[in-house]
Amino acid sequence: MRAAVCRALGPPEVVEIEELPAPTLGPGQVRVRVGAAAVNFPDVLLVAGEYQIKAPLPFVVGSEFAGTVAEVAAEVDELAVGDRVTGTGLTDAFATEIVVAAGSLTAAPAGLSDADAAAAGVAHRTAIHVLRSIVRLAPGEEVVVLGAGGGVGLAAVQLGVALGARVTAVASSDDKLAVAAEHGAAHLVRHGEADLRGSLRDTLPDGADVVVDPVGGDLAEPALRALRYGGRFVSVGYASGTIPRIPLNLVLLKGIEVRGFEFGGFATHEPEAMRRNEAELRDLLESGRVRPHIGATFTLDDTAAALRHVADGRAVGKVLIDVAGATAASPVR
Ligand SMILES: NC(=O)c1ccc[n+]([C@@H]2O[C@H](COP(=O)([O-])OP(=O)(O)OC[C@H]3O[C@@H](n4cnc5c(N)ncnc54)[C@H](OP(=O)(O)O)[C@@H]3O)[C@@H](O)[C@H]2O)c1
């Protein structure tokens, strides 16, 4: 099989494409022919050795894929050859095939291509859990989304709109904001040039109900200040590279609720909410009410460039690796 391999930690460019022996199938496992894989920010961190979990070297990069079951171990009866599935893990997705535990796979949403199924994974699941269970978003509420052009941010824009909220998208470029507007954002705020606190006050003079923050750094505090009394702030990630420190007096004065979201903890402690939210997401995807935005598609040979695209904060929506060569006429679209 062909795979994107990391043999030494470093920048995206350390990742090289190699021909490797196909992994053997163990008990309870399934072999999937990968059609498409999505790049996530933690893939970059893992290659750099900066993720909270370390993968032993060498490893095949990639945490999210969609494809078709090609082989099942004898005792697996819940999946059959030909089933279309999606999967997430720490590594191994940027390869023509992957062997995983049958129970770790999910049926691909009906009617979605491998590209769309891979693109609607971690980012959209994160966004639905955050909006439904962490901040309990209600129709008509004002939600500010930081990093609104990125994977999690744009998914939060789409799902916030689908759940009936009014979304203020915050991003660094007009291109990213234009895409957020295409997906229904009511207000657009470009950060970087003007003071974010002032821009948000002008945009939402009565304050916001909710802030979704996958970026952290210098944006978190001004966004938190934009909340009205009793507002909710959720910390989802630190794509800026800096974990912000929030003065607690701001929380005290406005009765603000600050929460965090992390997949592992949520899955362990709120399995019923997780199941319910993901069923709702599946309905939204299968009905076409929400469709992931694929901002760029790279071939497997160009995996390092795909990782670089994400590392540099240039991703708009999801960045895809077209492993099967089904959609990419050119390296990037
Ligand atoms: N808690 C969880 O379970 C969970 C789940 C999924 C993801 N995450 C985390 O959420 C964060 C966002 O993930 P994502 O998939 O949305 O990433 P992404 O697609 O790369 O988007 C991240 C956004 O962050 C902003 N940014 C600011 N400084 C940046 C920098 N130095 N490098 C890159 N981006 C920068 C960019 O927005 P602007 O250009 O508009 O500023 C960018 O669009 C990551 O930290 C990821 O690990 C957490």
Side-chain angles (χ1 to χ4, degrees), residues 40-42 44-45 52 122-137 141-161 163 165-173 176-177 179-180 183 185-192 194-201 203-204 207-251 253-266 310 313 315-317:
N40 286 296
F41 201 81
V44 175
L45 299 177
Q52 61 231 34
V122 170
H124 284 78
R125 289 167 62 212
T126 299
I128 194 91
H129 297 316
V130 162
L131 296 178
R132 272 296 189 216
S133 294
I134 307 297
V135 297
R136 303 172 307 282
L137 190 68
E141 287 195 311
E142 297 280 357
V143 51
V144 172
V145 177
L146 303 182
V152 172
L154 194 55
V157 170
Q158 293 181 313
L159 291 170
V161 170
L163 300 184
R166 281 171 59 82
V167 176
T168 297
V170 178
S172 61
S173 73
K176 289 182 177 181
L177 290 173
V179 173
H183 290 277
H187 303 294
L188 308 176
V189 173
R190 185 172 160 178
H191 73 81
D195 150 52
L196 178 60
R197 184 180 172 188
S199 303
L200 285 173
R201 197 170 39 224
T203 304
L204 298 169
D209 298 290
V210 167
V211 170
V212 176
D213 179 13
V215 179
D218 295 340
L219 303 189
E221 184 179 326
L224 183 134
R225 285 178 185 272
L227 286 169
R228 61 170 62 127
Y229 187 85
R232 291 101 77 203
F233 181 99
V234 58
S235 178
V236 185
Y238 312 104
S240 64
T242 305
I243 300 173
R245 290 172 181 275
I246 298 294
L248 280 180
N249 62 317
L250 302 179
V251 174
L253 286 170
K254 285 196 190 169
I256 286 169
E257 189 182 328
V258 179
R259 293 202 52 190
F261 172 81
E262 190 273 322
F263 249 106
F266 188 70
V310 171
V316 181

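A perpendicular orientation is assigned to the rings of His129 and Phe263, their planes being inclined by more than 60° (bins at 30° and 60°).
Atom NE2 in His187 sits 5.5 Å away from atom CG in Leu204 (nearest 0.5 Å). Rounded to the nearest 0.5 angstrom, Arg136 CZ and Glu141 CD are separated by 9.5 Å. To the nearest 0.5 Å, the span separating CG on Asn249 from NZ on Lys254 amounts to 11.0 Å. How far OG of Ser235 is from CG of Leu146: 10.0 Å, rounded to the nearest 0.5 Å. With rounding to the nearest 0.5 Å, the separation of CG in Asp213 from OG in Ser240 is 8.0 Å. Atom CZ of Arg225 and atom CZ of Phe233 lie 12.5 Å apart (nearest 0.5 Å).
The nearest pair of heavy atoms linking Val161 to Ala185 is CG2-N, 4.3 Å. Nearest heavy atom pair, residue Ala155 against residue Ala123, reads CB-O, 3.7 Å. In plain terms, the two heavy atoms of Val236 and Val152 that are nearest each other are CG1-CG1, 4.2 Å. Nearest heavy-atom pair across Val179 and Leu154 is CG1-CD2, 3.6 Å. Of all heavy-atom pairs between Ala208 and Val144, the closest is CB-CG2, 3.7 Å. Tyr229 and Gly255 make their closest contact through CE1-N, 3.8 Å (heavy atoms, listed as atom of the first residue, atom of the second, distance).
Using a 4.5 Å heavy-atom threshold, the side chains of Leu200 and Val170 count as touching. Under the 4.5 Å side-chain criterion, counting only non-hydrogen atoms from C-beta, Ile246 is not in contact with Val258. Side-chain atoms of Glu221 and Pro247, non-hydrogen and from C-beta on, do get closer than 4.5 Å to each other. Residues Arg190 and Leu177 have side chains in contact (heavy-atom distance under 4.5 Å, counting atoms from C-beta outward). The closest side-chain heavy-atom distance from Val189 to Leu196 is below 4.5 Å. Arg132 has its side chain out of reach of Leu159: every pair of non-hydrogen atoms, C-beta onward, lies at least 4.5 Å apart.
At least one donor-acceptor pair closer than 3.5 Å links the side chain of Asp195 to the backbone N or O of Arg197. Formation of a donor-acceptor pair under 3.5 Å by the Arg232 side chain with backbone atoms of Ile134 is not found in this model.
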